[in-house]
Amino acid sequence: MEQGVLKHRRTTLERAEKFISTIYFTDVNLQGKLYPKKADVKSLTHWAAPNLKDEHLRFEKVVKQKFTPVKVGQQFGPTWATHWFRVDVEVPVEWVGSEVHLRWNSGSEALVYVEGKPRQGLCSEYDRLDYPLSESLQADNRSFTVYIEMACNGMFGAGDNGMIAPPDLNRQFTLSCCEVAVFDRRVYNLIREVELLHDMAKHLPEGSERGYQALYTVNAMINACDVNDPTTFQKCHEISSKFLQQKNGDSQHTTYAMGHAHIDTAWLWPYSETRRKCARSWSCTIRLMEKYPEFTFTCSQAQQLDWLRRDYYDLWCEIKKYAKEGRFIPVGGTWVEMDGLIPGGEACIRQFLLGQNFFAQEFGAPCKEFWLPDTFGYSGQLPQIMRHCGISRFLTQKLSWNLVNKFPHHTFWWEGISGHRVLAHFPPGNDYGMKGKVEEVGLIMLLRSSQNFKDKGRSDKSAFLFGFGDGGNGPSEDMVERLNKMKDIDGLPRVKMSTPDEFFSAVEEEDGGNLCRWTGELYLEMHNGTYTTHARVKKMNRLCEMLLHDVEFVHTVAFIELIAHVYPYGQLPKLWKLLLLNQFHDVLPGSSIGMVYKDAHEHYEEIMTQGNEILAKGFRDVVRKGNFLFPKPGQTKCIIRNNLSFDRTEVIVIETEPSGSGPAKKPAKKRQKRSPQKQAKAQQYNSEGHALYCVNIGSYGYSFLDPVTSIQPAEVQEQDGMYVMKNSLLEAHIDQQGRVVHMYLAGSDRDAVDKEYPANQFVMYDDIPLYWDAWDVMDYHMETRKAVTDVISETEVLDQGPLRVSLKFSLRISDKSRINQQIILDAGSPFLRFNTEVEWYENRRMLKVEFPTSVHAREATYDIQFGHIRRPNHRNTSWDTARFEVCGHKWSDLSEHGFGVAVLNDCKYGHSALDNVLRMSLLRSPKAPDRMADMETHTFSYALMPHAGIRMDPHTLTYALMHHFGKDGDAHLHIRSHASFRYGWRHTPSHTLSCLMQVLFRRPM
Ligand SMILES: [Zn+2]
């Protein structure tokens, strides 16, 4: 009898690897026998969709077109084009009884249609090339006709020389394969078994008994297998079965596996392509569900499902069938997987409101889990918003991308700034697109290292999301087969095909009391350039969020006050949906290709145009029909509205004359001559000839233009080579470069500005990331600071009071870029405003403005959704250091007891604070994936506001809340009436909010 062979680990492993390799020895290995017979298709014809914009053509239209013959080897393009193919197949009679597949490789994404219905996606990347025609060919059913819609893009778009590069618009795609083949299921099963044993041998800890058992078993299988003699396959299977049937002990970790396909709603392709990606992915999912009864799939983003409902109704019906069975599982609760930092508080709630309404309406129940695996950081306010929206569970994995610090948990309680808690889980595979491989499942078990599952001892379960994202079409048959085989094998975690509810419920019930807690935001130590990239998108987002708030306010008042007011129930949700869509986690952050921003800005335009129309109509109704008004024909009056929840006294600019005679284009002097009676009402004309007034309006109220005359004037005068701007509250000293050298609160001699470094100093930085161009600003950028000091025109006086004083100056950034700025101080204003215009044409450079203060504090405070967050302005620990660029909304503040300085802004989100300096990131210039990102003239406004009192002085909040901060004044309207009235909503904001919610809930969106 022969003696056993002492196996060499490496050679045995490689032997097994080569036995199933798709690259090496395929003429003699097992893989090479997977398709034992192949044949050409009977005919292949083609029709090119004429218009690149015709993304989704109805099948009924397509089949009526004239299809002409084409051959394998031909090229089709260009990028983003659509080509349709009709494939006729006549399977050879000798194949009867075999499993027969159509094989297709167009180097792109594609969708198979059968009998007019979308059946299955195909994708060349990740080898999804097969469409099964028959599991067992029947003699009388050997003819097949399928249509294939080919999309001329890869699963990650069409980057020119690299994934995130801007698209190559002229790419051609070669049809390299269109054939029919016999698929040998026995060979396939053996391949999966060899793979599993090989992977266990390779990835179980070296020296482990189980690993060696796997190694010897796979070696024995190969010895027993004659690839040319299928009768040997059974023996091989018996050898592997003996090993694979050995089960785990009771203490083993359980992996809750769930299929998933992370489809970015727009990114390296436009929104329109995502609509088709959904159909390709989810048709694959449905086919797998038909075949594997235990297979489950989690699907987030109501918007994508809504698109599918509209575009692919047949597929939608199939999805609903499996949703009813609890296997196609809607998750997330939001309209899209939005950015987690930049959207305002109301927008975050709207994500849930519109998302949950959709899920409840279409699937019978709202989602239980918030699902945001790929977003670039998570606001500390999200737990409260989630809890108020009926969600107590949260899943992500993105913090595994942290560059510096490893997040200490995978399963934990996340507590927000309000004290609300949710159960959070990060799948320890650190991915949302696993492939079901041993090494991935094994990571959870710490087979090779103790790096992963952090909460061992506290919990013995974790989630596992498998499936290719984007255009990869989700889970594949290979993945499901792998995981099915791994259900319970000694040495690997148990794998259970499951649902998020089952997983979270088990954690809540069994482990909830053991878990640790993390308080505050989940900061991602990466991608923090996304707070700044695509500045105009951020600006439009802020403007639209404010506009839709105002629309809601005005119509809520009208709804309550007027008997027959028609609330814009139809229009408002439509506009909100557009805004929420653009808040997707690659659109609002600025990390998409240029095509996406073309669409996004069209959406913003639609929101602005329609939103303003609805707003104006609502306000007109309130004013004209309100029962508190008694308009009579006669004199024209100008009515000023305050959209905010506090009384305001401030200077406003009215570009049209009170008579409503159109824009005031003529300078003040001419106007004085022409209309002395009307100009007497204006308290000042500014340098552009517009009328200035100081007005006082109650909270959420409106009144006739009734100027406040008692206000102390603002002044400007030249003094020692500087300009001194002064009003009743502030005094600021400005130098020839427009920098604030001193700033005092009235009656105080404490300078708010650092004594050595002036404020409002523009600074440039090199901004070259390691890879993720639009995404990342790296820590080393801070070592490249260069002050912008090249003066084009020195500071000069523009407006001289009494209501407004202003200065202007220009600076050169480079040959291509410059800054023009106006510095404004209004009578009675507690802040100095900087209206800024930047012509910006740089390459991988970043512009910031900095404010060195005289404040000594350990933390800076930032505005976030419905609250604020404090972050260190020092670098004690690696966690502090890693937060060198952070996201804040309308203000940042540095305060010590009794005194502080705040920086307000109208559309910026990137901030940093170090020691006593507040910096705001203004513009970036990345070149990928959008070569033209931010290359234009930008306008924005910010302000500097010293204040007495403790941090978070109500003044800071109040002024930052000014929705129209940065613009002059507030909304106004001209009506014909001679009634004199004042109207103000003397309610608390929460009362107004409850009115608002009352309206929303009366007729759910
Ligand atoms: Zn994503």
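Just follow the structure's listing: the first ligand is 1, and inside any ligand the first atom is 1.
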The atom name of the N, O or S atom in Asp374 nearest to the Zn ion (ligand 1) is OD2
For the Zn ion (ligand 1), the nearest N/O/S atom on Asp264 is atom OD1
Using only atom types and a distance under 3.5 Å, with no angle test, would you say the side chain of [X] pairs donor to acceptor with the backbone of [Y]?
X      : Y      : value
Thr285 : Ser281 : yes
Asn582 : Ala600 : yes
Lys538 : Pro589 : yes

N, O or S from Asp586 under 2.8 Å to the Zn ion (ligand 1) = no
Does Glu337 put an N, O or S atom under 2.8 Å from the Zn ion (ligand 1)?
->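 For Glu337, the answer is no, given that no N, O or S atom comes within less than 2.8 Å of the Zn ion (ligand 1).
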Rounded to 10°, how big is the angle at the Zn ion (ligand 1) from His262 NE2 to His585 NE2?
->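 Answer comes to 100°, rounded to 10°.
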What do the steps show when you test Phe297 against Tyr322 for ring pair (Phe, Tyr, Trp, His ring centres under 6.0 Å), and what is the final call?
-> CA-CA 10 Å; Phe297 182 79; Tyr322 286 104; over 10 Å; no
Applying the salt bridge (charged side-chain N to carboxylate O under 4.0 Å, His left out) test to Glu109, which of Arg280, Arg128, Arg276 qualifies?
->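 Running salt bridge (charged side-chain N to carboxylate O under 4.0 Å, His left out) over Arg280, Arg128, Arg276 with Glu109 returns exactly one hit, Arg280.
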